[in-house]
Amino acid sequence: MTRSRVAMLLAMGIDNFGSGLFLPLALLYVTRVIGIPLVEAGTAVTLGTTAGLLMPPLAGRLVDRAGPRTGVLAAQLLQAAGISAYLFAHGVGGVVVAAIMLGAGQQLFYSCLFALISEVAGDVPKDRPFAEVGMVRAGGFGLGGLMSSVLLTWFGDRGYGVALVVDVLTFLAAAGIVAMFIPPGRRFAPVVRVRSGVLRNRPYLTLILLSGLFGLSLDFFLIGTPVFVLDRLHAPTWLPGAILFLLTVLTSAGGTVALRLTRGLSRISAMRAGSALFAAWCLTSVGVLLVPRSWQVPYLLAATLVFAAGDLVFGPRSGALAEAAAPPEAKGRYLAAFQYAFTVAQVLAPAIVSLFSVAAWLPWVLVGGCACLAALGLGRLGPRLPAAAVAPIQS
């Protein structure tokens, strides 16, 4: 493994450790420390996510003209500035500014990340590099979430401030590693403006849409599981944390194993299998409503295994397919546009979670239906994508 690749994995682990430290606490910090009511706090933080939707087109041009390393560095510094702004926020206006800066930095980061992984990996299939980065980032986020619980236990409400300061330092440390150990890479001049436009490439747009249906399952899991487990099932308060910890262990350790086990599958076939597993997870999860209460905890932990399998099978292959199907002269713009699959899912997921107030089964049916649509759609999409991009891993 090259020095640049080791440096990238180290930087991504540190970066996600900081994100795991603060992001789960963001709303609690705004309400408990700054003292803003929950409705206003939620609206302010949501504005940050919405503002981030403007970043992918800008990020794509930045990557094509200056390289993904430049974009990742800018994103990490912008996120550090956003977290710092939270420290100095005293009202709704300050929170909105901080949320916009952080949201823009997050979307800039994700819009440049796939291109950076591709560039550092070099001229090899990108499935394994994407799996390795996914494993490191999952482990970092899980450790950060665990540390946030420790800080709150030790310091009480002062722990929020400690978490923010540490998060700023992690972004700066990650940026320093990228700047020092990852050299500037290739720059792609935007020489083919019409033919390489993402909006004119219908198969690629379809890939973004279908990957978004997958991304919806991810965001629904993260924010919907606590609501379902605590508000609808009235299960023990420690269960959502245990489910997230189990997922973290599986995804941080199983990425390359899942890749080996599905090596003979084309990328499309692996993604369809992952979508089918997500649909099975939804069906299994809603089945807990029929399970005796004494069996609900082990049942939901077992259901998490199904979700983790879907994530491990689909995740690395989707990124690798998006990279391989993008034209070289506009790779930055294409991979930045691919990020919309996940940003839109982040916006839609809370609305779907709110449907638990209508019926405990309704969100599961909607998310499971989207997973089924993804599996069916990917089957029709495969022949329309470049054959070399869809093919199984060759090395």
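For Phe214, the ring pair (Phe, Tyr, Trp, His ring centres under 6.0 Å) test picks out Phe278, Phe314, with sequence neighbours left out. Partners of Leu54 under the side chain to side chain contact (heavy atoms under 4.5 Å, CB included) rule, at least two apart in sequence or in another chain, do not exist in this structure. When the side chain to side chain contact (heavy atoms under 4.5 Å, CB included) test is applied to Leu169, the partners found at least two apart in sequence or on another chain are Val165.
Proximity of the aromatic rings of Tyr110 and Phe342 is defined here by a centroid distance below 6.0 angstrom, and this criterion is not met.
Salt bridge Arg69/Glu119: absent, no basic N to carboxylate O contact under 4.0 Å.
The hydrophobic clustering, which links ILVMFWY residues whose side-chain heavy atoms are closer than 4.5 Å, places Phe245 and Trp238 apart. In this structure, Ile243 is not a member of the same hydrophobic cluster as Val249, with clusters built from ILVMFWY side-chain heavy atoms closer than 4.5 Å. Note on Phe155: it does not cluster hydrophobically with Val30, by side-chain heavy-atom contacts below 4.5 Å among ILVMFWY residues. By the criterion of side-chain heavy atoms lying less than 4.5 angstrom apart, applied directly or through intervening Ile, Leu, Val, Met, Phe, Trp or Tyr residues, Leu152 is grouped together with Tyr29 in one hydrophobic cluster. Taking hydrophobic clusters as Ile, Leu, Val, Met, Phe, Trp and Tyr residues chained together by side-chain heavy-atom distances below 4.5 Å, Ile223 shares a cluster with Leu218.
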(request) Run the numbers on Leu289 and Phe228 for side chain to side chain contact (heavy atoms under 4.5 Å, CB included), then give the verdict. (result) CA-CA 11 Å; Leu289 297 172; Phe228 180 67; 4.2 Å; yes
(message) Using side chain to side chain contact (heavy atoms under 4.5 Å, CB included), reason through Arg317 and Thr262 one step at a time and then give a plain yes or no.
(response) CA-CA 10 Å; Arg317 295 296 181 63; Thr262 60; 3.1 Å; yes
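Here the rule is side chain to side chain contact (heavy atoms under 4.5 Å, CB included) with Ile117, and of Met12, Glu323, Met8, Lys126 only Met8 fits it.
Separation of atoms CZ (Phe221) and OG1 (Thr304) is listed at 5.0 Å; rounding is to 0.5 Å. Atom CZ of Phe220 sits about 7.0 Å away from atom OG1 of Thr225, to the nearest 0.5 Å. Here the CZ atom belonging to Arg5 is positioned 4.5 Å from the CD atom belonging to Glu132, to the nearest 0.5 angstrom.
Smallest separation of non-hydrogen atoms from Gln296 and Val291: NE2-O, 3.7 Å. Of all heavy-atom pairs spanning Gly368 and Cys282, the tightest one is N-SG, 3.5 Å. Considering all non-hydrogen atoms of both residues, Gly254 and Leu312 come closest at C-CD2, 3.7 Å. When all heavy atoms are compared, the tightest approach of Ala131 to Leu259 is CB-CD2, 4.3 Å.
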